[in-house]
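Data block below; observations after.
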Amino acid sequence: MSRIRAAFHDPDGSRYGIPTFWWKGAPPGYATRRQLRAAGLRPAGQPVAAQILWRGVGGTRAAYLYRLELARPKRTATPAQLRAIAAALTARRTCRVCGEVRPYYIPRSLGECVDCAYPQEEAA
């Protein structure tokens, strides 16, 4: 085992407080939030079961692991929630000045669509 792997190998949690593994060294039965989401699951309020540590840019990086058997299926949005999300996204694309719905989100720095913020001068 290399020195780096040995530094982050703490399966019983005596050194770091929770079971700790090196990069790609976690045993089966654990998954990160991203891996759970890809599998259609969620942590469901369970505490962090383990962690992965590795040396990265800016120092030691960590990824928290959750138990797969305690994970639950992801919840689906209700039709009312989907309508609310659609309305909010449409509002982000609607210009306050001209009232047009644009194919892009209105920049918050401008507060209006690009055409209203930078009107083209009419060619004479």
Identify whether NZ of Lys or CZ of Arg in Arg33 sits under 6.0 Å from the centre of the six-membered ring of Tyr64 and within 45° of that ring's axis. no

Taking the six-membered ring of Tyr105 (Phe, Tyr or Trp), confirm whether the NZ or CZ of Arg92 is under 6.0 Å from its centre and within 45° of its axis. yes

Is [Y] reachable from [X] through a run of I, L, V, M, F, W or Y residues, each pair having side-chain heavy atoms under 4.5 Å apart?
X      : Y      : value
Val48  : Leu70  : no
Ile106 : Tyr118 : yes
Trp23  : Leu65  : yes
Ile18  : Trp54  : no

Can you find a pair of side-chain heavy atoms, one from [X] and one from [Y], that are under 4.5 Å apart?
X      : Y      : value
Thr60  : Phe8   : yes
Tyr104 : Val114 : yes
Leu36  : Leu68  : yes
Arg37  : Lys74  : yes

Could you report the tightest heavy-atom contact between [X] and [Y], atom names first, then the distance?
X      : Y      : result
Cys113 : Arg102 : SG-NH2, 3.3 Å
Leu53  : Ala62  : CD2-CB, 3.6 Å
Cys116 : Cys95  : SG-SG, 3.8 Å
Tyr66  : Pro47  : CD2-O, 3.8 Å
His9   : Arg15  : O-NH2, 3.6 Å
Tyr16  : Gln51  : CB-NE2, 3.6 Å

Pair Glu100, Asp115 - check side chain to side chain contact (heavy atoms under 4.5 Å, CB included), show working. CA-CA 10 Å; Glu100 289 188 39; Asp115 292 340; over 6 Å; no

Heavy atoms of other groups near Arg96 CZ, more than 12 under 6.0 Å: no

Do any N or O atoms from the side chain of Arg61 and from the backbone of Gly56 form a donor-acceptor pair under 3.5 angstrom? no

Judged by atom type as modelled, is there a donor-acceptor pair below 3.5 Å linking the side chain of Thr94 to the main-chain atoms of Thr90? yes

